[in-house]
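Written below as structure tokens is the structure these notes are about.
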There are 2 protein chains.
Amino acid sequence: MSTRARTKPQRDRHQEIVEAAAQVITDRGLAETRIQDIADRCGVSPGLILYYFGSKDRLLVEALTYANDQSYLRTSRELRKLPAASQRMDRLIELSVPGLLPEYSLLDEWALWLEIWVRALRDPEMAKERENLDRRWVQSISEVIRYGRQTGEFPSDAADADDIAMEFGAMVDGLAIQVLLNDTVMTPSRMHDICLDVARRLIGYDGTR
Amino acid sequence: MSTRARTKPQRDRHQEIVEAAAQVITDRGLAETRIQDIADRCGVSPGLILYYFGSKDRLLVEALTYANDQSYLRTSRELRKLPAASQRMDRLIELSVPGLLPEYSLLDEWALWLEIWVRALRDPEMAKERENLDRRWVQSISEVIRYGRQTGEFPSDAADADDIAMEFGAMVDGLAIQVLLNDTVMTPSRMHDICLDVARRLIGYDGTR
DNA sequence: GCCTCTCGTTTGAACCGTCAGTCAACCTGA
DNA sequence: TCAGGTTGACTGACGGTTCAAACGAGAGGC
């Protein structure tokens, strides 16, 4: 925990490696990710990676959760800035569609979800993390709903906010998979339309699109 | 001279290997599947696998599509036996929930979907196959809907059958992922309830549950 | 019936690149 | 000098692929 290092601009190495790992996983896929790739990416020797993480697996799990974490925090922060619940909902939807916004596409993030899921199939630690990450996303949907009901923007007579969020979140997952995999029928804009439509139907607000 | 083949290829070797491969992938996951495992599973030498398929990758893609294919055909055949559209729909839902029916759980089939998706991320051939497979499943939903409308069992004033099927199918995918990964909140029976509920809401029929 | 030739099938070991993980030595700043 | 950070060559195992040889079922000849 030195405050500063001179010869090398070393920030927290741990952090640096995790970020590099997340990028490599995004680029090449989990199965094709080598320790050497990660080492190259942050200009370091392979040995050092093991020095910090002990094993490749530990690093991979941390990288996957870290990337998702960042993505969540970024989105969450952005939503909180918007005053109206309907704006938050619409923006949340916009940000959920892979490849809809070119500058901010979330394509990578969705690809990482797939990797997380496959790994969670057989890695209990990953399975547990996956549930935490997922729960948080669903909660941020239901928070928007509750927020809208509190401010009177959304009607309060509809179903339980958590139930709606779960159902809606599941549909977003399913649609996102198709869009991510370049389905010819399910395009980003079609997914966007469907999501807006379903959200309005479930929550009961009208959009000004 | 027990289990050994004395004569010519007992059955189609190609077929035999594909089936063995699908089982191994199901058991150990795509990433952990070795040619040796597949060879062991059908009592054959590793060399023979390559003799028939040229490369591991070609076999894997074929095995993944084959397994999904079988699962689809089995389901499709079963649905066609049921007279009423509502029965077909309910059964289709039942069969879609991983682990709901102990004897017939589809757990494996869903796990294979995950593998297909990840592979499709970077393998164009797999991506194309994936779209074919997926389209077929969605179509079998919309066929049930159209069938019900034809027989007057379902109202015809609701949305387009294809749109409903797509939306519903996406939600099933999303929910199935959670159930498959042993989510503590999203249990098989909860998924089942949600699916029945949403199906009735979207299609507009009432269940006799 | 028996031999033999042939060709598709099958084997098993060898080949060879790859890669996670190890280790002894080497910084470098305090 | 000391300690933690860093290196990079090394290793040991692994696993896809190759290949030369063996096998065995039929066809045809005798």
Side-chain angles (χ1 to χ4, degrees), chain A residues 1-25 27-64 115 118-119 122-123 125-126, chain B residues 1-64 115 119 122-123 125-126:
Chain A
M1 36 186 82
S2 62
T3 49
R4 189 154 281 279
R6 259 97 111 304
T7 44
K8 293 194 176 177
Q10 49 180 11
R11 299 183 303 141
D12 187 6
R13 262 290 140 80
H14 186 92
Q15 182 70 3
E16 214 173 327
I17 295 172
V18 170
E19 279 167 20
Q23 284 175 332
V24 174
I25 295 171
D27 287 355
R28 330 200 0 155
L30 194 60
E32 300 301 313
T33 293
R34 320 273 162 245
I35 290 187
Q36 185 67 59
D37 304 325
I38 301 168
D40 290 348
R41 169 82 66 155
C42 57
V44 123
S45 76
L48 195 65
I49 309 280
L50 276 305
Y51 174 76
Y52 276 98
F53 291 88
S55 82
K56 187 191 178 188
D57 275 0
R58 270 210 283 283
L59 168 56
L60 292 182
V61 173
E62 192 167 334
L64 287 169
E115 305 282 11
V118 169
R119 193 174 181 93
R122 285 170 183 91
D123 176 348
E125 194 196 343
M126 188 79 259
Chain B
M1 56 198 71
S2 46
T3 51
R4 224 47 196 85
R6 311 147 299 170
T7 54
K8 267 275 198 166
Q10 353 175 7
R11 294 189 308 137
D12 187 6
R13 259 291 137 80
H14 186 93
Q15 183 68 4
E16 212 174 329
I17 295 171
V18 170
E19 279 167 21
Q23 283 175 332
V24 174
I25 295 171
T26 301
D27 286 356
R28 330 200 359 154
L30 195 60
E32 299 301 312
T33 293
R34 320 272 163 248
I35 289 187
Q36 185 67 58
D37 304 326
I38 300 168
D40 290 348
R41 170 82 65 156
C42 55
V44 124
S45 76
L48 197 64
I49 309 280
L50 276 303
Y51 174 75
Y52 276 97
F53 291 87
S55 82
K56 186 190 178 189
D57 275 0
R58 271 211 282 284
L59 168 57
L60 293 181
V61 173
E62 193 168 331
L64 287 170
E115 304 282 10
R119 194 174 181 94
R122 284 169 184 93
D123 176 347
E125 194 195 344
M126 189 79 259

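Just so it is clear: chains get the letters A, B, ... in the order the sequence lines come, proteins before strands, and each one is counted from 1.
Scored by the side-chain contact (heavy atoms from CB on, under 4.5 Å) test, B:Leu48 finds B:Arg13, B:Val44, B:Ser45, B:Tyr51, B:Tyr52 as partners (sequence neighbours excluded). Considering only residues two or more places apart in sequence or on other chains, A:Asp57 meets the salt bridge (Lys or Arg N to Asp or Glu O under 4.0 Å) condition with A:Arg119. B:Arg28 is linked by a salt bridge (Lys or Arg N to Asp or Glu O under 4.0 Å) to B:Asp37, counting only residues two or more places apart in sequence or in another chain. Shown here are the side-chain hydrogen bond (donor to acceptor under 3.5 Å, both in side chains) partners of A:Arg34, two or more places apart in sequence or in another chain: A:Glu32.
The distance from atom NZ of A:Lys56 to atom CD1 of A:Ile38, rounded to the nearest 0.5 Å, is 7.5 Å. For the atom pair CD1 of A:Ile35 and CG of A:Leu50, the computed distance is 4.5 Å after rounding to the nearest 0.5 Å.
Checking the phosphate oxygens (OP1, OP2) of C:dT11, no side-chain nitrogen or oxygen of B:Tyr51 falls inside 4.0 Å. The phosphate of C:dT10 (OP1 or OP2) has a side-chain N or O of B:Arg13 nearer than 4.0 angstrom.
Taking atom CD of residue B:Gln36 and atom C1' of nucleotide C:dG12, one finds them 10 Å apart after rounding to whole Å. Per the geometry, CG belonging to B:Asp12 stands 17 Å off P belonging to C:dG8, to the nearest Å. A:Tyr52 has its OH atom 18 Å from the C1' atom of C:dG21, to the nearest Å. As rounded to whole Å, 12 Å separates atom P of C:dA20 from atom CG of A:Asp40. One interatomic measurement links the two molecules: CZ of A:Arg34 to P of C:dC19, which rounds to 4 Å at whole-angstrom precision. Rounding to whole angstrom units, CD1 of residue A:Ile49 and P of D:dG8 are separated by 13 Å. Rounding to whole angstrom units, CD of residue A:Glu32 and C1' of D:dG15 are separated by 14 Å. The separation between B:His14 atom NE2 and C:dT9 atom P is 13 Å, rounded to whole Å.
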Do nucleotides 17-22 of chain D as a string where each nucleotide becomes B, S or -: B if the base has a protein heavy atom under 4.0 Å, S if just the sugar-phosphate does, - if no protein is that close.
SB----
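Listed by first and then second residue, the salt bridge (Lys or Arg N to Asp or Glu O under 4.0 Å) pairs involving residues 40-50 of chain B are B:Asp27-B:Arg41 (not counting sequence neighbours).
Among the atoms of the strands shown, none is found under 4.0 Å from any heavy atom of B:Phe53.
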